[in-house]
Amino acid sequence: MTVESTAARKPRRSSGTKRAAGAASARKTAAATAQPHDAEPQLVQLLTPEGERVEIEGNPDLAEFAAFAADITTEDLRGLYRDMVLTRRFDGEATALQRQGELGLWASLLGQEAAQIGSGRALRDDDYVFPTYREHGVAWCRGVDPTNLLGMFRGVNHGGWDPNTNNFHLYTIVIGSQTLHATGYAMGVAKDGADSAVIAYFGDGASSQGDVMEAFNFSAVYNSPVVFFCQNNQWAISEPTERQMRVPLYQRAQGFGFPGIRVDGNDVLACLAVTRWALDRARRGEGPALIEAFTYRMGAHTTSDDPTKYRADEETAAWEAKDPILRLKAHLLASGGADEAFFEELETESEALGKRVREVVRSMPDPDTMAIFENVYADGHALVDEERAQFAAYLASFEAEEGH
């Protein structure tokens, strides 16, 4: 098993900072040249779909990444498994709540748990995350209460958490714009001289947005400590990847001068290792990196979508055989890392989480109707005052009609 990455650029940061000191050394993997476009892309994989550890000996490129997961204990693996199971349970409950009319919409992460939990657990507390609207597993890793994710989808708030409490930004609905936010934030981190890193999540469809290309360019030119984590789930709603790009997605990084890596997005261990690698080089001042987590969206794009209209059942079945949770469970069972008692206890915890989510969502209070006019301007504004008065009169007209 080998790994491919794209050519790296030499950092342009001035000397005298922690980043500049680390920027002098270029990683061997980051300096490797890209394969020809007609070659089969290879990916970093540490755990096979059958749950077996990949042989590292004789493969120096893979060994370099595996070193970033060398400290993972059996207890850690059980923790990663628990994260994925509970995240999937929460996600499934949210989908059911939408079907019951409790949420207006929901974007499921079904099938992408390993990519999110692996990368999420690679982060340090002082790293900063810029998500899209599907990073429920990353939010879990950052300590965001899962019920807080549901307020926006229920229409009672614009995001139920303080981004700076968990270093996890609010969900971003505008496709791809968060990559620019992350790049700008990372530029600020570099100017402050901090040794933390920033990570931006987006999908394969978002990679076709101009915002993402601009973020790539800015981050490369300014050598920003940002990791671009693309979850390539094969479908941008109903558009397959072969209609979106002519080369493997991770190779796009080459044109901007920083490394791109493709990782098995259904292998939680590999996602953890590769993300640690990318964050580590960012903190050392070696600039951005692009991670393409090669995974699959096993459900619908959102609850308003019907994937049976554009996907073949055979394709979905093939990816279900690579289920990230079943993969790690097989490994834990085969290695003696967990017994049936562990799985039964987790099932009980999972059901308790589902019950709590249902109860919290159904008890969420409706927001004050007039609250949309608050916090628009610090000192007030004549136009906002006029709009507030007009809307209040509009609402009062319904009350008047009910009174007759």
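The analysis underlying the following values was restricted to heavy atoms, covering all of them including side chains, and did not include hydrogens, waters or symmetry mates. We're numbering straight along the sequence, starting at 1.
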**Message:** Other residues, nucleotides and ligands only: do more than 12 of their heavy atoms fall within 6.0 Å of CD on Glu345?
**Reply:** no
**Message:** Once salt bridge (charged side-chain N to carboxylate O under 4.0 Å, His left out) is applied, do any residues pair with Asp71, and if so which ones, sequence neighbours excluded?
**Reply:** Arg276
**Message:** Considering only residues two or more places apart or on different chains, which pairs with a residue in residues 364-378 satisfy side chain to side chain donor-acceptor pair (under 3.5 Å)?
**Reply:** none
**Asked** Any donor-acceptor pair under 3.5 Å linking the side chain of Tyr310 with the backbone of Ile237?
**Response** yes
**Asked** With sequence neighbours excluded, what pairs up with Glu135 under the side chain to side chain donor-acceptor pair (under 3.5 Å) test?
**Response** Thr132, Gln231
**Prompt:** What are the two closest non-hydrogen atoms of Leu109 and Arg134, and how far apart are they?
**Reply:** CB-O, 3.8 Å
**Prompt:** For the atom pair CG (Leu43) and CD (Gln45), what is the distance rounded to the nearest 0.5 Å?
**Reply:** 6.0 Å
**Fill in**
Sorted by chain and residue number, the salt bridge (charged side-chain N to carboxylate O under 4.0 Å, His left out) partners of Arg124 (sequence neighbours excluded) come out as Asp126, Asp195
**Asked** More than 12 foreign heavy atoms under 6.0 Å from CD of Glu57: is that the case here?
**Response** no
**Asked** Going by distance alone, is a donor N or O of one side chain under 3.5 Å from an acceptor N or O of the other, for Thr302 and Asp305?
**Response** no
**Prompt:** Between the side chain of Thr275 and the main-chain N/O of Leu272, is any donor-acceptor distance below 3.5 Å?
**Reply:** no
**Request:** Give a yes-or-no answer on whether the side chains of Tyr171 and Gln178 include a donor-acceptor pair shorter than 3.5 Å.
**Result:** no
**Message:** Let me confirm one number: the CG-OG1 distance from Asp76 to Thr73, rounded to the nearest 0.5 Å.
**Reply:** 3.0 Å
**Residue list, ring-ring contact (aromatic ring centres under 6.0 Å, His included) with Phe130, at least two apart or on another chain** = Tyr128, His169, Tyr185
**Asked** Do the side-chain N and O atoms of Trp106 and Asp91 include a donor-acceptor pair separated by under 3.5 angstrom?
**Response** yes
**Message:** Between Tyr133 and Phe153, is the ring centroid distance below 6.0 Å?
**Reply:** no
**Request:** Could you verify whether a donor N or O on one side chain and an acceptor N or O on the other, from Thr295 and Asn266, lie under 3.5 Å apart?
**Result:** yes
**Pairwise salt bridge (Lys or Arg N to Asp or Glu O under 4.0 Å) hits with a residue in residues 318-339, at least two apart** = Arg88-Asp323, Asp264-Arg327
**Message:** Ignoring hydrogens, what is the shortest heavy-atom contact between Cys271 and Val263? Give both atom names and the distance.
**Reply:** N-CG2, 3.9 Å
**Request:** Output all residues satisfying salt bridge (charged side-chain N to carboxylate O under 4.0 Å, His left out) with Arg311, sequence neighbours left out; order by chain, then residue number.
**Result:** none
**Message:** Can a donor-acceptor pair be found, under 3.5 Å and without considering hydrogens, that links the side chain of Gln116 to the backbone of Gly137?
**Reply:** yes
**Asked** Regarding Arg262 and the six-membered ring of Phe294, is the cationic atom NZ or CZ under 6.0 Å from the ring centre and inside 45° of its axis?
**Response** yes
**Message:** For residues 205-214, which residue pairs pass the side chain to side chain donor-acceptor pair (under 3.5 Å) check, not counting sequence neighbours?
**Reply:** Ser207-Arg252
**Asked** Just by modelled atom types, is the Glu344 backbone N or O under 3.5 Å from a matching donor or acceptor in the Thr348 side chain?
**Response** yes
**Request:** Applying ring-ring contact (aromatic ring centres under 6.0 Å, His included) between Phe216 and each of Tyr222, Tyr250, Phe228, report the one that passes.
**Result:** Phe228
**Fill in**
Pro324 and Met84 have their tightest heavy-atom pair at O-CE, 3.8 Å
**Leu279/Asp127 under side-chain contact (heavy atoms from CB on, under 4.5 Å): CA gap, chis, key distance, verdict** = CA-CA 9 Å; Leu279 292 168; Asp127 294 331; 4.2 Å; yes
**Distance, nearest 0.5 Å, that separates CZ of Arg297 from OG of Ser108** = 9.0 Å
**Item:** Residues in side chain to side chain donor-acceptor pair (under 3.5 Å) contact with Thr147, at least two apart in sequence or another chain
**Value:** Asp145
**Prompt:** To the nearest 0.5 Å, how far apart are OG in Ser119 and CD in Gln112?
**Reply:** 10.5 Å
**Prompt:** Roughly how far, to the nearest 0.5 Å, is the OG atom of Ser335 from the CD atom of Glu52?
**Reply:** 11.5 Å
**Prompt:** How long is the span from the CG atom in Asn233 to the OG1 atom in Thr241, to the nearest 0.5 Å?
**Reply:** 9.5 Å
**Message:** Enumerate the ring pair (Phe, Tyr, Trp, His ring centres under 6.0 Å) contacts for residues 326-360, please, sequence neighbours excluded, ordered by first and then second residue.
**Reply:** Tyr81-Phe343
**Request:** Assess the side chains of Asn232 and Glu292: does a donor N or O sit below 3.5 Å from an acceptor N or O?
**Result:** yes
**Request:** Check side chain to side chain donor-acceptor pair (under 3.5 Å) between Arg388 and all other residues, then give those that pass, not counting sequence neighbours.
**Result:** Asp385
**Message:** Please determine whether salt bridge (charged side-chain N to carboxylate O under 4.0 Å, His left out) holds for the pair Glu349 and Arg89, giving the CA-CA distance in whole Å, both sets of side-chain angles, and the decisive distance to 0.1 Å.
**Reply:** CA-CA 10 Å; Glu349 183 181 7; Arg89 182 66 180 87; over 6 Å; no
**Prompt:** Got a donor-acceptor contact below 3.5 angstrom from the Asn157 side chain to the Gly159 backbone?
**Reply:** yes
**Asked** Got a sec: does the NE2 of His158 have more than 12 other heavy atoms crowding it under 6.0 Å?
**Response** no
**Asked** Got a sec: does the CZ of Phe218 have more than 12 other heavy atoms crowding it under 6.0 Å?
**Response** no
**Request:** May I ask you to check whether Trp140 and Phe90 place their ring centres under 6.0 Å from each other?
**Result:** no
**Asked** ring-ring contact (aromatic ring centres under 6.0 Å, His included) with His301: which residues, sequence neighbours excluded?
**Response** none
**Prompt:** Regarding Asp204 and Gln244, is there a side-chain donor-to-acceptor distance under 3.5 Å anywhere?
**Reply:** yes
